[in-house]
Amino acid sequence: TISIPPTDSNTIYATFSAQGTKSGIWRTHDGGQTWVQLRNGLPDPARMRRSSLTIAPSNPATLYALIGDGSAVLGVFRSDDGGDNWRNITTAHFAKERQMGYNNTIAVLPSSADHVICGGVDLHLPTNGGATWRQVTRWNAKRGAANYAHAAHHALLCPLAAPDRIYDMNDGGMDVSEDGGRTWPNRGNGLAVTLFYALEMAQ
């Protein structure tokens with residue numbers, strides 16, 4: 001993923017999957033001329049097979065990264081100083097999450113830097129900066145249930161104009177939450193394709 005703070009177009013964060021020690025999160029402050037690998041508080045780069053990164057719109061110094069080893073979750077990491085230092089805010093909650101080399105996405109709602117949502121096979125949500133987590137979707141729930149969303153989440157997008165709305169692109173199409181991630185009506189009617197991997201929006 002590539003993320004740019006709304007207040008500084010010369011700063012860019014990028015996540016990479018590479019052989020050996022080059023994997024992980026990199027940052028530039030000069031528009032890409034020079035890059036630094038961010039490591040303080042993060043797993044060993046050789047273990048980081050895929051990472052997703054998001055910046056809190058309400059506080060661009062706050063970043064979250066969902067990091068997987070190709071299968072399991074290594075952690076959800078938070079930085080409050082623009083990426084210089086990180087801490088793992090996950091617990092055993094993610095022990096059963098999987099396929100993190102395939103489904104891996106994270107986003108922060110614009111209303112609060114503590115309201116983050118992330119996805120693998122299912123979606124997970126804290127509203128308190130990661131102190132407590134709960135699984136808010138189940139791929140095997142009854143279709144049409146408030147907590148049903150198709151498995152394998154690839155992109156989460158939170159529009160600035162609708163602070164409680166989250167768009168979720170997954171292997172089954174699109175689901176949308178209007179209440180900050182607590183319930184997930186499906187919006188796939190009329191879409192003739194599935195397996196969405198990305199979504200962009202003009203803010």
Side-chain angles (χ1 to χ4, degrees), residues 1-3 5 13-17 23-27 37-139 147 149 151-158 166-170 175 177 180-182 184 197-198:
T1 58
I2 295 176
S3 301
Y13 300 90
T15 65
F16 292 93
S17 297
S23 282
I25 303 172
W26 293 71
R27 181 186 65 197
Q37 188 179 25
L38 305 180
R39 300 188 62 170
N40 193 17
L42 294 174
D44 187 299
R47 298 180 63 207
M48 299 167 64
R49 301 307 304 155
R50 184 175 176 187
S51 304
S52 295
L53 181 75
T54 187
I55 301 171
S58 61
N59 182 6
T62 297
L63 294 82
Y64 292 89
L66 173 60
I67 300 176
D69 67 359
S71 177
V73 176
L74 292 177
V76 177
F77 294 83
R78 174 172 172 157
S79 173
D80 290 302
D81 55 12
D84 290 335
N85 299 280
W86 298 82
R87 68 184 189 278
N88 192 341
I89 59 171
T90 52
T91 63
H93 171 84
F94 285 90
K96 295 183 179 180
E97 191 55 88
R98 60 200 185 280
Q99 299 183 177
M100 298 311 296
Y102 172 66
N103 38 220
N104 188 315
T105 183
I106 191 167
V108 184
L109 273 73
S111 56
S112 171
D114 291 330
H115 196 151
V116 60
I117 185 164
C118 65
V121 173
D122 286 301
L123 293 173
H124 306 267
L125 174 74
T127 58
N128 51 14
T132 56
W133 290 85
R134 64 188 180 101
Q135 183 176 331
V136 290
T137 67
R138 296 190 179 274
W139 67 269
N147 67 336
H153 303 276
H154 300 291
L156 292 163
L157 185 64
C158 305
I166 306 171
Y167 293 99
D168 167 49
M169 310 307 290
N170 55 57
D175 293 278
S177 175
R182 294 166 181 85
W184 290 91
Y197 292 99

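Because only heavy atoms are used, hydrogens play no part in the values below, and waters and symmetry mates are left out as well, while side chains stay in. Keep in mind that this is a model prediction, so the values were computed, not measured.
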J.: Looking only at heavy atoms, what is the nearest atom pair of Trp86 and Gly83, with distance?
T.: NE1-O, 2.9 Å
J.: Could you tell me if the side chain of Phe77 sits less than 4.5 Å from the side chain of Leu42, heavy atoms only?
T.: yes
J.: Using atom types as modelled and distance alone, determine if a side-chain donor or acceptor of His115 lies under 3.5 Å from a backbone N or O of Gly180.
T.: yes
J.: Apply side-chain contact (heavy atoms from CB on, under 4.5 Å) to Leu53 and Ile106, showing your working.
T.: CA-CA 7 Å; Leu53 181 75; Ile106 191 167; 5.7 Å; no
J.: Is it the case that the side chain of Arg134 and the backbone of His124 share a donor-acceptor pair, with hydrogens and angles ignored and the cut-off at 3.5 Å?
T.: no
J.: Let's go through Leu157 and Ile166 carefully: what are the C-alpha distance in whole Å and the side-chain angles of both, what is the deciding distance for side-chain contact (heavy atoms from CB on, under 4.5 Å) to 0.1 Å, and is it a yes or a no?
T.: CA-CA 6 Å; Leu157 185 64; Ile166 306 171; over 6 Å; no
J.: What's the shortest heavy-atom distance between Ser58 and Pro110, and which atoms?
T.: CB-O, 3.5 Å
J.: Determine, for Arg87 against Asp80, whether the closest basic-nitrogen to carboxylate-oxygen distance falls under 4.0 angstrom.
T.: yes
J.: Can you find a pair of side-chain heavy atoms, one from Cys158 and one from Val108, that are under 4.5 Å apart?
T.: no
J.: Could you state the interatomic distance from OG (Ser79) to OH (Tyr64), rounded to the nearest 0.5 Å?
T.: 10.5 Å
J.: Before giving the answer on side-chain contact (heavy atoms from CB on, under 4.5 Å), spell out for Trp26 and Thr15 the whole-Å C-alpha distance, their side-chain angles and the decisive distance to 0.1 Å.
T.: CA-CA 6 Å; Trp26 293 71; Thr15 65; over 6 Å; no
J.: Distance from Ser177 atom OG to Asp168 atom CG, nearest 0.5 Å?
T.: 9.5 Å
J.: Rounded to the nearest 0.5 Å, what separation is found between the CG atom of Leu74 and the CZ atom of Phe94?
T.: 12.0 Å
J.: Go through the side-chain N and O atoms of Ser52 and Asn104 and say whether any donor and acceptor fall under 3.5 Å apart.
T.: yes
J.: Taking the side chain as every heavy atom from C-beta outward, state whether Val136 and Asn147 have any atom pair closer than 4.5 Å.
T.: no
J.: Nearest 0.5 angstrom please: Tyr13 OH to Leu38 CG, how far?
T.: 7.5 Å
J.: Scan side-chain atoms only and decide if Asn170 and Asp175 contain a donor-acceptor pair under the 3.5 Å cut-off.
T.: yes
J.: So do Arg49 and Ser23 actually touch side chain to side chain, heavy atoms under 4.5 Å?
T.: yes
J.: Atom CG of Leu156 and atom SG of Cys118: how far apart are they, to the nearest 0.5 Å?
T.: 8.5 Å
J.: Taking all non-hydrogen atoms of both residues, which atom of Ala65 and which atom of Ile25 are closest, and how far apart?
T.: CB-CD1, 3.7 Å
J.: Taking the side chain as every heavy atom from C-beta outward, state whether Ile67 and Pro43 have any atom pair closer than 4.5 Å.
T.: yes
J.: Go through it in stages, so that I can follow the logic: the residues are Val121 and Glu97, the test is side-chain contact (heavy atoms from CB on, under 4.5 Å), and I'd like the CA-CA distance, side-chain angles, deciding distance and then a yes or no.
T.: CA-CA 7 Å; Val121 173; Glu97 191 55 88; 3.2 Å; yes
J.: Report yes or no: does Thr137 contribute a side-chain atom to a donor-acceptor pair with the main-chain N or O of Leu123 at less than 3.5 Å?
T.: yes
J.: So Arg27 and Gln37, do their side chains get closer than 4.5 Å, heavy atoms only?
T.: no
J.: Please tell me if the side chains of His154 and Tyr102 come closer than 4.5 Å, counting only heavy atoms from C-beta onward.
T.: yes
J.: Would you call Asp114 and Arg78 a salt bridge, using N to O less than 4.0 angstrom?
T.: yes
J.: Please name the pair of heavy atoms, one in Pro60 and one in Pro5, separated by the smallest distance, quoted to 0.1 Å.
T.: CB-CB, 4.2 Å
J.: Quick test of your reading of the model: are Arg98 and Asp122 salt-bridged, counting only N-O distances below 4.0 Å?
T.: no
J.: Under 3.5 Å, side chain of Asn128 to main-chain N/O of Thr132, donor-acceptor pair present?
T.: yes
J.: For residues Thr105 and Asn103, is any side-chain donor paired with an opposing acceptor at under 3.5 Å?
T.: no
J.: Okay, side chain of Trp133, backbone of Ala92: is any donor-acceptor separation there less than 3.5 Å?
T.: no
J.: Which heavy atom of Asn40 sits nearest a heavy atom of Asp84, and at what distance?
T.: CB-O, 3.3 Å
